[in-house]
Participant: 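Below is a structure I'd like to ask you about.
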Amino acid sequence: MISYDSFEHLPRTEKRIRVTNSNKAKAAVTSGQEGFGMAADQAESYAWLYDGLGNITPLSRIDTASFNAANANTFKQEANFGYQFADSLVGSDVVFSFPLPSQSILEVGETPLDDLEVNFTAVTRKLDLFRLEIPSASIDLAGSGNLPIGSGEVSMQIRITFDGSTCKPVRYKWLGQVRAC
């Protein structure tokens, strides 16, 4: 899933996973895949632990050269979208958000985008952070041309499709954090 953090103007990739022994470490991707060209150890790389009650705990990003999987609640973000989570996170739900390099950005045209998972991390006017998750959606961009992501406003129509695969067609979660200015 690709998202856009409008406050920092960084294109980002965000994923939510249940950490297992087989997916706690991910090897770097190759050319043509999401995240190729991503630099290692980016200060803007974040991850959070979800405890099942809606509470979140920020995880500490450790530089790749210093990372030790035995240190609890930590992760490393490697080049080309490689990453690893601490052993203590196995069995936990984690959301992570890493900045994408400019060559990973796709330009969206007038063709509708069908069967998407749409996720936004948003900031209220009081600077509270929340996450909006839409497991199944389509976006109709007919007549709108390319999306001018950057300054100004972007308007698009999102059609939410409820296929019964989740309890609710739209979920939002307060992240328990505020945006620092």
Participant: Output yes when a side-chain donor or acceptor of Glu78 lies under 3.5 Å from a complementary backbone atom of Ala28, and no otherwise.
Facilitator: no
Participant: Which residues pass the side-chain contact (heavy atoms from CB on, under 4.5 Å) test with Thr20, sequence neighbours left out?
Facilitator: Ser22, Asn23
Participant: Out of curiosity, does Ile62 fall in the hydrophobic cluster containing Leu59 (side-chain heavy atoms, cut-off under 4.5 Å, transitive links)?
Facilitator: no
Participant: Are the side chains of Lys24 and Leu89 in contact, using a 4.5 Å heavy-atom criterion?
Facilitator: no
Participant: Tell me, do Phe85 and Ile17 make a side-chain contact under 4.5 Å, heavy atoms counted?
Facilitator: yes
Participant: Phe67: what forms a ring pair (Phe, Tyr, Trp, His ring centres under 6.0 Å) with it, not counting sequence neighbours?
Facilitator: none
Participant: Over all heavy atoms of both residues, which pair between Gln77 and Ala39 is shortest? Give the atoms and the distance, please.
Facilitator: NE2-O, 2.7 Å
Participant: So Val95 and Ile56, do their side chains get closer than 4.5 Å, heavy atoms only?
Facilitator: no
Participant: Checking the side chain of Arg61 only, and the main-chain atoms of Gln42 only, is there a donor and an acceptor separated by less than 3.5 Å?
Facilitator: yes
Participant: Identify, with sequence neighbours excluded, every residue that meets side-chain hydrogen bond (donor to acceptor under 3.5 Å, both in side chains) alongside Thr74.
Facilitator: none
Participant: For a quick test of reading the model, state the closest non-hydrogen atom pair linking Phe75 to Ser45 and the distance between them.
Facilitator: CZ-O, 3.7 Å
Participant: Does Lys173 count as lying over the ring of Tyr50, i.e. NZ or CZ under 6.0 Å from the six-ring centre, within 45 degrees of the axis?
Facilitator: yes
Participant: Centroid separation under 6.0 Å, is that true for the rings of Phe96 and Tyr83?
Facilitator: yes
Participant: Of all the heavy-atom pairs spanning Phe98 and Met38, show the shortest one and how long it is.
Facilitator: CB-CE, 3.9 Å
Participant: State whether the side chain of Asn68 and the backbone N or O of Ala70 hold a donor-acceptor pair below 3.5 Å, judged by distance alone.
Facilitator: yes
Participant: Do you know which two heavy atoms are closest between Gly91 and Arg18, and how far apart they sit?
Facilitator: O-CD, 3.6 Å
Participant: Mind checking the CD-CZ spacing from Glu133 to Arg16? Nearest 0.5 Å is all I need.
Facilitator: 5.5 Å
Participant: If every non-hydrogen atom of Ala79 is compared with every non-hydrogen atom of Ala40, which pair is closest and at what distance?
Facilitator: N-CB, 3.4 Å
Participant: Using only atom types and a distance under 3.5 Å, with no angle test, would you say the side chain of Asn80 pairs donor to acceptor with the backbone of Phe36?
Facilitator: no
Participant: For the residue pair Ser60 and Asn73, establish whether any side-chain heavy-atom pair is separated by less than 4.5 Å.
Facilitator: no
Participant: I'd like to know if the side chain of Asp41 and the backbone of Thr64 have a donor-acceptor N/O pair within less than 3.5 Å.
Facilitator: yes
